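Read the structure below first, then the notes.
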Amino acid sequence: MTLCSHALLKTIVRRSVLMVLAYVMNASPSSVSVIDTKTQSVIATVLVGPGADNITISPDGKLAYVTFTRNVISGVSVIDTKTHSVIATIQVGVMPVDIGN
């Protein structure tokens, strides 16, 4: 797979009372775009760990987990879906490539 700026790796949709949000992985820079699907506009861009690979949303919709790996740096960025900010970084084993729903 060839990755380019703003490459779509995976989209996760969270439904709330006010809006439907899509979380879209970007290859460069390593980030997540938060899109309001009603207005079709980016409402936030969240920088995550280098080499972001995959994303999942917690069952309650409050957190997004993004796996990342580049060279010897690996982990999971935890995003608060209300504030659209990284609230934690979890160090995990080498090359975490997938995360389940």
Side-chain angles (χ1 to χ4, degrees):
M1 170 189 258
T2 302
L3 298 179
C4 60
S5 181
H6 302 290
L8 173 63
L9 298 180
K10 189 166 186 178
T11 302
I12 302 294
V13 176
R14 177 176 70 99
R15 297 188 184 278
S16 69
V17 175
L18 301 176
M19 67 181 73
V20 176
L21 301 177
Y23 292 81
V24 180
M25 298 292 302
N26 302 309
S28 180
S30 190
S31 62
V32 174
S33 292
V34 183
I35 299 172
D36 178 334
T37 61
K38 185 173 183 178
T39 64
Q40 297 184 6
S41 60
V42 175
I43 60 170
T45 300
V46 184
L47 295 176
V48 294
D53 185 57
N54 214 327
I55 186 170
T56 193
I57 305 294
S58 64
D60 62 8
K62 294 181 179 180
L63 301 172
Y65 296 89
V66 180
T67 60
F68 65 87
T69 188
R70 176 155 303 143
N71 300 326
V72 296
I73 302 171
S74 297
V76 178
S77 295
V78 183
I79 299 172
D80 181 317
T81 59
K82 185 174 182 178
T83 63
H84 310 300
S85 60
V86 174
I87 59 169
T89 301
I90 304 167
Q91 298 303 313
V92 296
V94 178
M95 297 184 69
V97 294
D98 202 2
I99 191 164
N101 290 359

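Note: hydrogens, waters and symmetry copies are ignored here, and every other heavy atom, side chains too, is used. This is a predicted model, so every value here is computed, not measured.
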Set of residues satisfying side-chain contact (heavy atoms from CB on, under 4.5 Å) with respect to Ile90, sequence neighbours excluded: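 side-chain contact (heavy atoms from CB on, under 4.5 Å) list for Ile90, sorted by chain: Val76, Val78, Val92.
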If I compare all heavy atoms of [X] with all of [Y], which pair ends up nearest, and what's the gap?
X     : Y     : answer
Met25 : Ala52 : CE-CB, 3.1 Å
Thr37 : Ala22 : CG2-CB, 3.9 Å
Gly61 : Thr81 : O-OG1, 2.5 Å
Ser41 : Thr39 : OG-OG1, 2.7 Å

Tell me, do [X] and [Y] make a side-chain contact under 4.5 Å, heavy atoms counted?
X     : Y     : result
Ile55 : Tyr65 : no
Val48 : Phe68 : no
Thr69 : Asp53 : no
Val86 : Val46 : yes

Residues in side chain to side chain donor-acceptor pair (under 3.5 Å) with [X], at least two apart?
X     : result
Ser30 : none
Thr45 : none
Thr89 : none

Please say which of Ile87, Leu63, Val66 ends up in a side chain to side chain contact (heavy atoms under 4.5 Å, CB included) with Ile79.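 Going through Ile87, Leu63, Val66 one by one, the side chain to side chain contact (heavy atoms under 4.5 Å, CB included) with Ile79 is satisfied by Val66 alone.
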Counting distance only, does the side-chain N/O of Ser33 pair as donor-acceptor with the main-chain N or O of Val42 below 3.5 Å?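 Not a single qualifying donor-acceptor pair exists.
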Mark yes or no for whether Ser31, through its side chain, and Asn26, through its backbone, hold a donor-acceptor pair below 3.5 Å.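 Side chain of Ser31 to backbone of Asn26, a donor-acceptor pair under 3.5 Å: no, none is there.
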